[in-house]
Structure formats: structure tokens, C-alpha cells
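Residue numbers start at 1 and run along the sequence shown.
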Amino acid sequence: MQRTTLIPRQIGRCGAAVAAGALLLTACGTEQEKQNGDDPRALLPAGVKAAGVLRIGSDLNYAPVEFKGPDQQAVGLDPEIAEAVGRELGLRVEFVDTSFEKLIPGLHAKQYDVVMSALSDNRQRREGTDDSGGPSGPGLDFADYFIAGSSILVRKGNPKAIGSLDDLCGHTVALQRGTTQATVIDRQTAACTKVGKPLKVKLFENDDLALAELAAGRADADLNDYPVAAYVAQQRDDGRTFQIAGAQLQPGPYGIALTKESTGLRDALLKALNRVIRSGEYDKILAKWNVTDGAVQNAVANGGF
């Protein structure tokens, strides 16, 4: 784990435990910022500041992290954190709904300023490499703000007795294309082949299609980020369709992704995120979406592994 990895929220700041309250955290950070004139708005690139808007690429199909509400506007964990960050930066926030596999190409094509879409910060994405270490495209920078692992979703009752990645051997898995989970399963496919129990993988453009495949019995499992898996298991058909199987896999940070050239915007986002964390608003947002287990003490740059 790198030195810049996000610190769990249970550890206090400024010598004080978090349990002492958000007010103490606000006092220890915000007053110092006022004295130093450390305003995140001062770090904003001129173009973003002049536009008055932060344009965010996101796949709005991943409840409870980001999805469309009844009015078709972005709702969920990421949109609420983004709105709070936007207020700290004096910017209006605008979400650009984009399919997940097109998010990073769209960022490099300047279709939006950042990507915020339950996107895991990992070395491959930062370095722009594939599984073999070869180049796959330009690398990214991240402003990390949340911790999540992956979970295996199965049909209620777990008819195939799946509890781990190795248990998937000989079965069929449905996944959203381009996700961290697809990379995990790609590696597991090789392991299953070695033991003579091939793993069949079905890739879909969005997670709803993958879940429909699982619900219909045409797949035996789906992998999702833990917050999404927990939400789906609880909410879909009042908890009668899916359940989580086994323990959470490979926890790591979600990050707001930026191009390598966007260091000023990245640093402005980090300062704004940390203000939101210290104010206590971050905790309230996580509690609303029942994902407090993913809370961090502070936002950092490129803290994944």
C-alpha cells in the first residue's frame, strides 16, 4: 500500500478522535485555512473558473453510487458529494451521462472536466497500461474520496453454493464491460482454465443488463462494487431476488479521474473534498446512502494500488 493511500475514518485528525465530533474537525482545519488564505478556488484553472461549471462524466446506472432520479437528474452518493464540492469551489455541477467504457476516452477528448463514476483508482489506470504492462492509453490522475471492494451477487438462496472467486470456476458470470470486476474475472478465468473448469463470462454495456441475466438464470453470478451489491440485494424485489455471497474482495479507493495535465483542478478538488469531509457533510451523505463503511479521513491524490 502506498504512502498516499487513504486513511480510514476511524483515525482522528489534529490529535483528536473523529468521535469527538465534526465540529472539532471543522475548527482544526477550516480556521487554519482561513488564516493561510488556503482557498481551493484559488487553484482552479482559469477556464473552469470562467465557465462557472464543473462538467462530470458519469454512467448514471449504478445505484446507490450514481443513477437517475424520477426527474432524470443525477442522484446518489457521487452526485451529492460532487454538489458539496461544487459549493466549496463556487461552481455549478453538471453530470454528463456516458456509458462506462466510454468515460475515460471521453475525458481525454475533453468532453467533460473529470470523471466521477464509482471509478476505482488503480495503477493500470494511472499509468495507462493493460494487464501485461503494455500501453493502453494516456494515464490518469485521481482525487480519492471513498473506499469500496467488490462483492459477488447470486440468486437468492445461492443455488450454486458460490462463496469465493474459485467457486465461480465451471459457472457463468455476467458483468458490466470495462469495470474493475471485469479485470478481476479476466484473471480468474485463467485460473479456472488451469484447473480444468472453464469460467464463462458474459459482458454487457450496463449493470442492469448483467443483473437481468443473473435473475433469469442465464448466469450464476455477477460482480459489483460492494455498495452497489448491497443496495441491489436489499432493494430488488424487496430482497427476494439476489443476495451477496462471501466476503468483500480487494477493497480500494474510488477516485475522481482527471487527465495528467489537470493538476491544478485535481488539487482544488482535493482541498474542496477535505473541507466537505471536515464539515461533517461527507458523513451525512454516506449515512443517507448507507455506505458509511467506505468513509475515509481525508482525500488524497493517487492513493490506489
Test side-chain contact (heavy atoms from CB on, under 4.5 Å) on Leu153 and Leu214; report intermediate values, then the result.
CA-CA 9 Å; Leu153 267 175; Leu214 176 59; 4.3 Å; yes

Indicate yes or no for a side-chain donor-acceptor contact from Asp237 to the backbone of Gly239 under 3.5 Å, with no hydrogens or angles considered.
no

Separation between SG (Cys192) and NE2 (His171), nearest 0.5 Å, reads 9.0 Å

Flag yes if more than 12 heavy atoms outside Lys160 fall under 6.0 Å of its NZ atom; otherwise flag no.
no

Run the salt-bridge test on Asp208 and Arg236 with the 4.0 Å N-O cut-off and return the result as yes or no.
yes

Tell me if a side-chain donor or acceptor on Asp225 pairs with a main-chain N or O of Pro227 at a distance below 3.5 Å.
no

Could you tell me if the side chain of Asn61 sits less than 4.5 Å from the side chain of Phe100, heavy atoms only?
no

May I ask you to test the Leu77-Phe146 pair for a side-chain heavy-atom distance under 4.5 Å?
yes

side-chain contact (heavy atoms from CB on, under 4.5 Å) between Asp121 and Leu140: does it pass, once the steps are laid out?
CA-CA 9 Å; Asp121 169 6; Leu140 300 169; over 6 Å; no

Side-chain donor/acceptor of Glu94 to backbone N/O of Val53, under 3.5 Å:
no

Between the main-chain N or O of Ile104 and the side-chain N or O of Arg125, is there a donor-acceptor pair closer than 3.5 Å?
no

Indicate yes or no for a side-chain donor-acceptor contact from Thr98 to the backbone of Val96 under 3.5 Å, with no hydrogens or angles considered.
yes

Could you walk me through whether Thr172 and Arg218 pass side-chain contact (heavy atoms from CB on, under 4.5 Å), step by step?
CA-CA 8 Å; Thr172 299; Arg218 294 186 294 268; over 6 Å; no

Are the side chains of Lys288 and Ile285 in contact, using a 4.5 Å heavy-atom criterion?
no

Can you check whether Arg240's main-chain N or O pairs, donor with acceptor, with Lys156's side chain at less than 3.5 Å?
no

What's the shortest heavy-atom distance between Leu286 and Gly294, and which atoms?
CD2-C, 4.3 Å

Of all heavy-atom pairs linking Gly149 and Gln248, the shortest is N-OE1, 2.7 Å

Same cluster (ILVMFWY, side-chain, under 4.5 Å), Leu258 and Val48:
yes

So, the side chain of Asn224 versus the backbone of Ala229: is there a donor-acceptor pair under 3.5 Å, distance only?
no

Shortest non-hydrogen contact from Phe95 to Ala82?
CZ-CB, 3.8 Å

Please answer: with hydrophobic residues joined when any side-chain heavy atoms are less than 4.5 Å apart, are Val201 and Leu209 in the same cluster?
no

Please determine, by modelled atom types, if Asp141 and Asn302 share a side-chain donor-acceptor pair under 3.5 angstrom.
yes

Is the number of heavy atoms from other residues, nucleotides or ligands within 6.0 Å of NZ (Lys260) greater than 12?
yes

Membership question, hydrophobic clusters at under 4.5 Å side-chain separation (ILVMFWY): are Leu54 and Val75 in the same one?
yes

With a 3.5 Å distance limit and no angle check, can you tell me whether Tyr282 reaches the backbone of Arg275 through a side-chain donor-acceptor pair?
no

Might you confirm whether atom OH of Tyr112 has over 12 heavy atoms from other residues, nucleotides or ligands at distances under 6.0 Å?
yes

By the salt bridge (charged side-chain N to carboxylate O under 4.0 Å, His left out) test, which pairs, at least two apart or in different chains, include something from residues 167-179?
Arg177-Glu205

Closest non-hydrogen contact found for Asp97 with Leu60 is OD1-N, 3.0 Å

Go through the steps for Val85 and Leu269 under the test side-chain contact (heavy atoms from CB on, under 4.5 Å), then give the verdict.
CA-CA 7 Å; Val85 167; Leu269 288 170; 3.8 Å; yes

Heavy-atom distance under 4.5 Å between the side chains of Ile152 and Ile244, does that happen here?
no

NE2 on His108 to OG1 on Thr259, rounded to 0.5 Å:
7.5 Å

Cluster check Leu43, Leu273: I/L/V/M/F/W/Y, side chain < 4.5 angstrom:
no

Interatomic spacing from CG in Leu119 to CD1 in Ile256 - rounded to 0.5 Å:
10.5 Å

Distance only, no hydrogens: is a donor on one side chain within 3.5 Å (strictly under) of an acceptor on the other, for Thr183 and Thr180?
no

Using 0.5 Å steps for rounding, measure from the CZ atom of Arg55 to the CG atom of Leu107.
11.5 Å

Student check: side-chain heavy atoms of Gln250 and Val184 closer than 4.5 Å:
yes

For residues 52-91, pull every pair meeting ring pair (Phe, Tyr, Trp, His ring centres under 6.0 Å), keeping only residues two or more places apart or in separate chains.
Phe67-Trp289

With the threshold set at 4.0 Å, does a side-chain nitrogen-carboxylate oxygen contact exist between Arg87 and Glu281?
yes

Heavy-atom side-chain proximity of Gln188 to Cys169 below 4.5 angstrom
yes

Are the side chain of Asn274 and the backbone of Leu270 linked by a donor-acceptor contact shorter than 3.5 Å?
yes

Decide whether Asp59 and Gln176 meet the rule of one side-chain donor and one side-chain acceptor closer than 3.5 Å.
yes

Considering all heavy atoms of both residues, which atom of Val115 and which atom of Leu103 are nearest to each other, and what is their separation?
CG2-O, 3.7 Å

Does some side-chain heavy atom of Thr292 sit less than 4.5 Å from a side-chain heavy atom of Asn290?
no

Measuring from atom OG1 of Thr263 to atom CG of Leu265, what distance do you get when rounded to the nearest 0.5 angstrom?
9.0 Å

Between CG of Leu249 and OG of Ser151, what distance do you get to the nearest 0.5 Å?
6.5 Å

Check the side chains of Asn298 and Tyr145 for a donor-acceptor pair under 3.5 angstrom, ignoring hydrogens and angles.
no

Is there a side-chain contact between Phe242 and Val154 in this structure, where contact means two heavy atoms from C-beta onward sitting under 4.5 Å apart?
no

Closest heavy-atom pair, Asp78 versus Met116, reported as atoms and distance to 0.1 Å, is O-CE, 3.6 Å

Does Lys49, at its NZ atom, have more than 12 non-hydrogen atoms belonging to other residues, nucleotides or ligands within less than 6.0 Å?
yes

Between Thr193 (side chain) and Thr189 (backbone), is there a donor-acceptor pair under 3.5 Å?
yes

Side chains of Ser150 and Gln181, donor plus acceptor under 3.5 Å
yes

